[in-house]
Amino acid sequence: MDIPSWKIHEKWCEALGIRKEVCLKVNRIIDSPPHDSVDRLLKWGWARELFESGELNMPIGAIGRDDYYKVTSKLAEITNKFGQEGVKATLSHVALNRIAELVELGFDKEGIRKKLIEADLMKYIPEYDQAFADVFHEVKPSESKIKRRKKFEELARSEVYGVFYTRGRLFPAVPGLVYVKSKIKKEETFMLSGVSMLMRLRGEE
């Protein structure tokens, strides 16, 4: 089952005044493979700005990465078929997914509210307290995800700078270090190539 369930997505999509059939169709588009790619891309300012303005109505070229085309094709399909209704339905879906993600990471209701405001997503959740209660009914904090979040925050505080490039992917310093450490723990072998990395821990020159 997708979490939050489509039942919750549809409830709060319709609360924005969007037609039920649009809510249903947009949910299907967003949750079709690659799953959650729309959520990832909408975190990038340029994509969200184009999408919210309704100007992202045709897919952007691959630019060397096939996932760009796949994701922008989804967004273009939504704006072409449903216009601003589709934009609102999509961002309502993203906002509810974000609540679920943050619940699993151990954030409380007010902490999540703050993050939604920072991300300018609160306007897509008409009644936050009830929406939070609906999501929390289906999603609970995850001890393993909370542990990973705290480890990530610990690394971020340790002043790690640079980038990792491995397996055709470029990682900022902290996510890159987390990724590499996870592979080492699994005893996987892989190559780090073109690495530009400077690690400076507190108390070290």
Pair N97, H9 - check side-chain contact (heavy atoms from CB on, under 4.5 Å), show working. CA-CA 9 Å; N97 280 1; H9 280 302; 3.1 Å; yes
Evaluate the criterion side-chain contact (heavy atoms from CB on, under 4.5 Å) for residue pair F82 and E77; output intermediate values, then yes/no. CA-CA 8 Å; F82 311 113; E77 180 183 359; over 6 Å; no
For the student: nearest non-hydrogen atoms of R48 and D120, plus distance: NH2-O, 2.6 Å
Using a cut-off of 6.0 Å, state whether more than 12 heavy atoms not belonging to Q130 lie near its atom CD. yes
Contacts table for residues 99-111: side-chain donor-acceptor under 3.5 angstrom, sequence neighbours left out:
residue: E101; atom: OE1; partner: R98; partner atom: NH1; Å: 3.2
residue: E104; atom: OE1; partner: K145; partner atom: NZ; Å: 2.9
residue: D108; atom: OD1; partner: E110; partner atom: N; Å: 3.4
residue: D108; atom: OD1; partner: G111; partner atom: N; Å: 2.7
residue: E110; atom: OE1; partner: R113; partner atom: NE; Å: 3.0
residue: E110; atom: OE2; partner: R113; partner atom: NH2; Å: 3.3

Roughly how far, to the nearest 0.5 Å, is CH2 of W12 from CD1 of I18? 13.0 Å
For the student: nearest non-hydrogen atoms of E52 and Q84, plus distance: O-NE2, 3.2 Å
To the nearest 0.5 Å, atom CG of L96 lies from atom NZ of K11 at 10.5 Å
Any chance you could measure I3, atom CD1, to I8, atom CD1, to the nearest 0.5 Å? 9.5 Å
Pairs meeting criterion disulfide bond (SG atoms under 2.5 Å apart) with involvement of residues 3-56, two or more places apart: C13-C23
Taking the six-membered ring for Trp, are Y128 and F132 parallel (under 30°), tilted (30 to 60°) or perpendicular (over 60°)? tilted
Is there a path of hydrophobic side-chain contacts, each under 4.5 Å between heavy atoms of I, L, V, M, F, W or Y residues, that connects L16 with L24? no
CG of L56 to CG of N80, rounded to nearest 0.5 Å, is 9.0 Å
Give every donor-acceptor pair under 3.5 Å between a side-chain atom in residues 85-93 and any protein atom, sequence neighbours left out.
residue: E85; atom: OE1; partner: R19; partner atom: NE; Å: 3.0
residue: E85; atom: OE1; partner: R19; partner atom: NH2; Å: 2.5
residue: E85; atom: OE2; partner: R19; partner atom: N; Å: 3.1
residue: E85; atom: OE2; partner: R19; partner atom: NE; Å: 3.2
residue: T90; atom: OG1; partner: G86; partner atom: O; Å: 2.8
residue: H93; atom: ND1; partner: N27; partner atom: OD1; Å: 2.7
residue: H93; atom: NE2; partner: D31; partner atom: OD1; Å: 3.4

Nearest 0.5 Å please: distance from the OG atom of S5 over to the CD atom of E10. 8.0 Å
Report whether I146 and V135 are members of the same hydrophobic cluster (ILVMFWY, side-chain heavy atoms less than 4.5 Å apart, transitive linking). no
When you measure from the side chain of K20 to the backbone N and O of E14, does any donor-acceptor pair fall under 3.5 Å? no
If you measure from CD1 on I78 to CD1 on I29, what distance do you get to the nearest 0.5 Å? 5.0 Å
